[in-house]
Amino acid sequence: MDMHTVVVGTSGTTAQDVIAVARGNARVELSAAAVGALAAAREVIDALAAKPEPVYGVSTGFGALASRHISPELRAQLQRNIVRSHAAGMGPQVEREVVRALMFLRLKTVASGHTGVRPEIAQTMADVLNAGITPVVHEYGSLGCSGDLAPLSHCALTLMGEGDAEGPDGTVRPAGELLAAHGITPVELREKEGLALLNGTDGMLGMLVMAIADLQNLYTSADITAALSLEALLGTDKVLAPELHAIRPHPGQGASADNMLRVLAGSGLTGHHQDDAPRVQDAYSVRCAPQVNGAGRDTLAHARLVADRELAAAVDNPVVLSDGRVESNGNFHGAPVAYVLDFLAIVAADLGSITERRTDRLLDKNRSHGLPPFLADDAGVDSGLMIAQYTQAALVSEMKRLAVPASADSIPSSAMQEDHVSMGWSAARKLRTAVENLARIVAVELYAATRAIELRAAQGLTPAPASLAAVEALRAAGVEGPGPDRFLSPDLAAADAFVRAGKLVAAVEPVTGQLA
């Protein structure tokens, strides 16, 4: 377990803290201010619970059953029952990091003091995270409205000591056994607490935060691989000149062009073809890389803005306001998050598409300006990277399917009470697949481009220092390209791991300086 500690206060959290808890196993503590806010809000709920007038979420049913007034002796049962009935997810088990992000973000909202949950419930949530206990959450069960209901319900079930959970060792066991093994007492829910544990956009938000972090690495990596391909194709770096991008002042475009220019500094390959085989312009996939990569970067910046706003939010229904009022609202609707999740899937698909086109160009002897067919060591005897591009193309095709928006759909639920939903959880799930695929697509270009750079060096040309650093780091990591005395099967999985871990960026930055 990482000894880093994240303190949860009343004013939201940061993307860095979400990732530290979800991926780094950081410990979680409640601030004194959060404990005070929890206690103060609970006093409001207890006072309302004692009144004869029905209050939604406190002394009534939920959703389409909100008109029924629940008597005091049945309210604890009501809170237990909403968790049990809503824990109706199906399908494969969701990844551990997603569930940890989901639980942590729900704790963030609970700690705001706007939900009416008692301090001991929040502390139990923190204890479960710190023990490394991960509720079993399933792929299907959220419409992205009224919260990520089934996923959050399975988490709440664990707090009650019911259902299944995964221990720190990865073994799935009954949640009650795991809590007992770690000295954690199951919670007994009171008025509003069951509802408050279910009513948030936490799953889709957690996946958005992690996707943004992963895409930041991939966009920088894609700038590097685009530069390597440009260099290997003897393209011109004149199109990367700052003054050209200044007259179309999209920030992401300028950043991508600058990254590529830094990678290509000192290259003896760029423009080399113009000495004996003039080419007026490079192909769009080479020449327009900063425009495409940059537009994706700007989309990523917008998604980060939305995520930061949501990280500062307290999403529940009803909520306890600072003046003591308890009001119903629609803040649980996932539309703001769902839209950017879908938008990121679109730009990731386009980045994958342009990346694959450069790989194809590197492999085609009619368009590669002197490189061997398919970058093979002995073309005809071996097929080089022919099928690596097939694999890349298959991934791109799936990326295009994943780019179809989930948020454009809505299916009414709860007897038409919840008649418009966001489908944000579905958008997040398909974005996770898209991000994984994009890393693989970039890895194939890296594999091909570094192979091509080595071949250019063998032809007596001088690659850029940053390009050579990328080649050397990839080979040092055990990722071999095809060639004499090398295993001919492309080691694409190892290249993917190299890119995904941020090692490509780390390899070139000592030469280029920090890249955007």
Donor-acceptor contacts under 3.5 Å from residues 204-212 side chains, at least two apart:
none

Pairs in or reaching into residues 299-324: which pass ring pair (Phe, Tyr, Trp, His ring centres under 6.0 Å), with residues at least two apart or in two chains? none
Any sub-3.5 Å donor-acceptor pair from Gln392's side-chain atoms to Ile441's backbone N or O? yes
Shortest non-hydrogen contact from Asp148 to Ser142? OD1-OG, 2.7 Å
Between the main-chain N or O of Asn329 and the side-chain N or O of Asn317, is there a donor-acceptor pair closer than 3.5 Å? yes
Side-chain donor/acceptor of Arg100 to backbone N/O of Arg23, under 3.5 Å: no
So, taking the atom named CD in Glu509 and the one named CG in Leu504, what distance separates them when rounded to the nearest 0.5 Å? 9.5 Å
When every non-hydrogen atom of Leu446 is compared with those of Val499, the smallest separation belongs to CD2-CG2, 3.7 Å
By salt bridge (Lys or Arg N to Asp or Glu O under 4.0 Å) - contacts of Asp316 (at least two apart): Arg106, Lys192
Other residues, nucleotides and ligands only: do more than 12 of their heavy atoms fall within 6.0 Å of CD on Glu29? no
Test side chain to side chain donor-acceptor pair (under 3.5 Å) applied to Glu73 - qualifying residues, sequence neighbours left out: Ser71
List the atom of Gly113, the atom of Ala41, and the distance in Å for their closest heavy-atom pair. O-CB, 3.0 Å
Side chain to side chain donor-acceptor pair (under 3.5 Å) evaluation trace for Asp223 with Asn293: CA-CA 7 Å; Asp223 288 342; Asn293 293 18; 2.8 Å; yes
Examine distances only and state if a side-chain atom of Ser410 and a backbone atom of Val421 form a donor-acceptor pair shorter than 3.5 Å. yes
Considering all heavy atoms, the nearest Ala473-Phe498 contact: O-CE1, 3.6 Å
Return yes if some donor-acceptor pair links the side-chain N/O of Asn331 with the main-chain N/O of Val315 below 3.5 Å, else return no. no
Those residues that, when tested against His420, pass ring pair (Phe, Tyr, Trp, His ring centres under 6.0 Å) (two or more places apart): His333
Under 3.5 Å, is there a donor-acceptor pair between the side chain of Trp425 and the main chain of Gly147? no
Check: Arg68 side chain, Thr60 main-chain N or O, donor-acceptor pair, under 3.5 Å: no
Quick check: does any side chain N or O of Tyr447 sit under 3.5 Å from a backbone N or O of Glu480, one acting as donor and the other as acceptor? yes
If a pair satisfies ring pair (Phe, Tyr, Trp, His ring centres under 6.0 Å) and one of its residues is in residues 146-179, list it, with sequence neighbours excluded. His138-His154
Listing request: all salt bridge (Lys or Arg N to Asp or Glu O under 4.0 Å) pairs with a residue in residues 111-125, at least two apart in sequence or in separate chains. Arg118-Glu120, Arg118-Glu193
Grab the two heavy atoms, one from Val442 and one from Thr355, that are nearest each other, plus how far apart they are. CA-CG2, 4.2 Å
So, taking the atom named OG1 in Thr359 and the one named CD in Glu445, what distance separates them when rounded to the nearest 0.5 Å? 4.5 Å
CD1/Ile184 to CG/Leu159 distance, rounded to the nearest 0.5 angstrom? 9.0 Å
Name all pairs fulfilling the ring pair (Phe, Tyr, Trp, His ring centres under 6.0 Å) condition that reach into residues 18-49, sequence neighbours left out, sorted by first residue then second. none
Apply the test side chain to side chain donor-acceptor pair (under 3.5 Å) to residues Arg429 and Thr433: give CA-CA distance (whole Å), side-chain angles for both, the deciding distance (0.1 Å), then the verdict. CA-CA 7 Å; Arg429 296 305 295 165; Thr433 303; over 6 Å; no
Enumerate, atom names and distances included, each donor-acceptor pair closer than 3.5 Å involving a side-chain atom of residues 303-312, sequence neighbours excluded.
unit_1	atom_1	unit_2	atom_2	d
Arg304	NH2	Gln216	OE1	3.2
Glu310	OE2	Thr201	OG1	2.7

Atom CG of Leu515 and atom OG of Ser256: how far apart are they, to the nearest 0.5 Å? 10.5 Å
May I ask you to decide if Ala516's main-chain N or O and Thr220's side chain share a donor-acceptor pair within less than 3.5 Å? yes
Residues in side-chain contact (heavy atoms from CB on, under 4.5 Å) contact with Pro412, at least two apart in sequence or another chain: Met416, Asp419
Under a 4.0 Å threshold between the charged nitrogen and the carboxylate oxygen, would Arg432 count as salt-bridged to Glu97? yes
Under the side chain to side chain donor-acceptor pair (under 3.5 Å) test, which residues partner Asp127, sequence neighbours left out? Gln123
Does Asp202 form a salt bridge (charged side-chain N to carboxylate O under 4.0 Å, His left out) with Lys108? I'd like the steps, not just the answer. CA-CA 9 Å; Asp202 308 294; Lys108 174 268 298 183; 5.1 Å; no
May I have all residue pairs that pass ring pair (Phe, Tyr, Trp, His ring centres under 6.0 Å) and include part of residues 85-137, sequence neighbours excluded? none
Distance check, rounded to the nearest 0.5 Å: Phe343 atom CZ versus Leu431 atom CG? 13.0 Å
Could you report the tightest heavy-atom contact between Ala289 and Ala226, atom names first, then the distance? CB-CB, 4.0 Å
Could you walk me through whether Asp342 and Lys430 pass salt bridge (charged side-chain N to carboxylate O under 4.0 Å, His left out), step by step? CA-CA 9 Å; Asp342 278 333; Lys430 68 185 183 66; 3.1 Å; yes
Spatial distance of atom CG (Leu402) from atom CG (Leu438) [nearest 0.5 Å]: 11.5 Å
Residues Glu191, Gln79; criterion side chain to side chain donor-acceptor pair (under 3.5 Å); working and verdict: CA-CA 7 Å; Glu191 289 94 344; Gln79 299 302 319; over 6 Å; no
